[in-house]
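Accompanying notes for the structure given below.
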Amino acid sequence: MIAGAHISSAGGLGNVPGRMRAIGADAAQVFIQSARTWKPTSHRAEDLAALRAARETGEVAYLVCHAIYFINLATDDPALLEKSRAALANTIDVANAIAADGVVLHVGSHKGRGLDATLPQVSRELKRALKRLDGPWLLLENSAGAGGTIGRDPVELAAIIDAVDDPRLGLCIDTCHAWVSGVDVTDPAELDRLVAEIDGRVGIERLRCLHVNDAQAACGSNRDRHANVGAGEMGAGLDVCLSHPALADLPMLLETPGHDGHGPDAEEIAALRAMHKRGVSRRAARARRAR
Ligand SMILES: [Zn+2]
């Protein structure tokens, strides 16, 4: 399996491979600027080159850049749209420079106007972004479903993917977001339905990676609070999700608080690997019994 995590790029992106080694991660997700400000970070050429080299040698098995949360491609405020466009373009430039596999993006919020009203604009902005991407995929992440956030379910995400119609527009599914938006992904039948819906609407090959997070809040609560693997409301049932045949081989990236609150640590990576292994062996044993 490819077990990864959100890794801090404090002090420079060149620090990422060392931080991954320290916790035993194979893959990384990075912010390329502070996630809570518009101000872009200027990266040193040697940092970009170091991370690119680590990705190209395979030392980093999978690498994505997560765009900042302020971006709203569905806004009706021209100034906010302009800033969103610039921030996304900046993220894409860095993703190109470090040979990332993808850019993970939350589309934004339609603020009650409905997806249909904003779809032409969202589609235009995504096409523009895809033109700038030189290799990596653009991955839309499912939302936790609060307010007017776009992408609460595969239907909304599929509507966007259909409108844009580009082979490099894909999906990143976050287990916590799916859970709080009302899909019990610890239930095999419900998970099968979600996978079948993604496959039927956009093709499962567009699903490129998973954000693996347990949830502090109940299924359907729309409250986006990540918990450590196995320590939240999903608990041991999260292994159902990790071992699904359509999902088990995808790169898995933790965005959990970790044990000191500073993000995924070695214990979390170990817990992810153990849970994945447990789920896969249980599934194999069930298949053997069924034969
Ligand atoms: Zn996520």
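Atoms within a ligand are numbered from 1 in the order they appear, just like the ligands themselves.
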Just checking: Cys172, one of its N/O/S atoms, less than 2.8 Å away from the Zn ion (ligand 1), yes or no? no
Side chains of Arg44 and Leu48: does their closest heavy-atom pair fall under 4.5 Å? no
Is any side-chain heavy atom of Leu171 less than 4.5 Å from a side-chain heavy atom of Ile161? yes
Using the benzene-type ring in the case of Trp, are the ring centres of His106 and His66 under 6.0 Å apart? yes
For atom CZ of Arg85, is the number of surrounding heavy atoms from other residues, nucleotides or ligands below 6.0 Å larger than 12? yes
Where does the angle between the aromatic ring planes of Tyr69 and Phe31 fall among parallel (under 30°), tilted (30 to 60°) and perpendicular (over 60°)? perpendicular
Find, among atoms of [X] that are N, O or S, the one nearest to the Zn ion (ligand 1), and state its name.
| X | result |
| --- | --- |
| His211 | ND1 |
| Glu141 | OE2 |
| Glu255 | OE1 |
| Asp174 | OD2 |

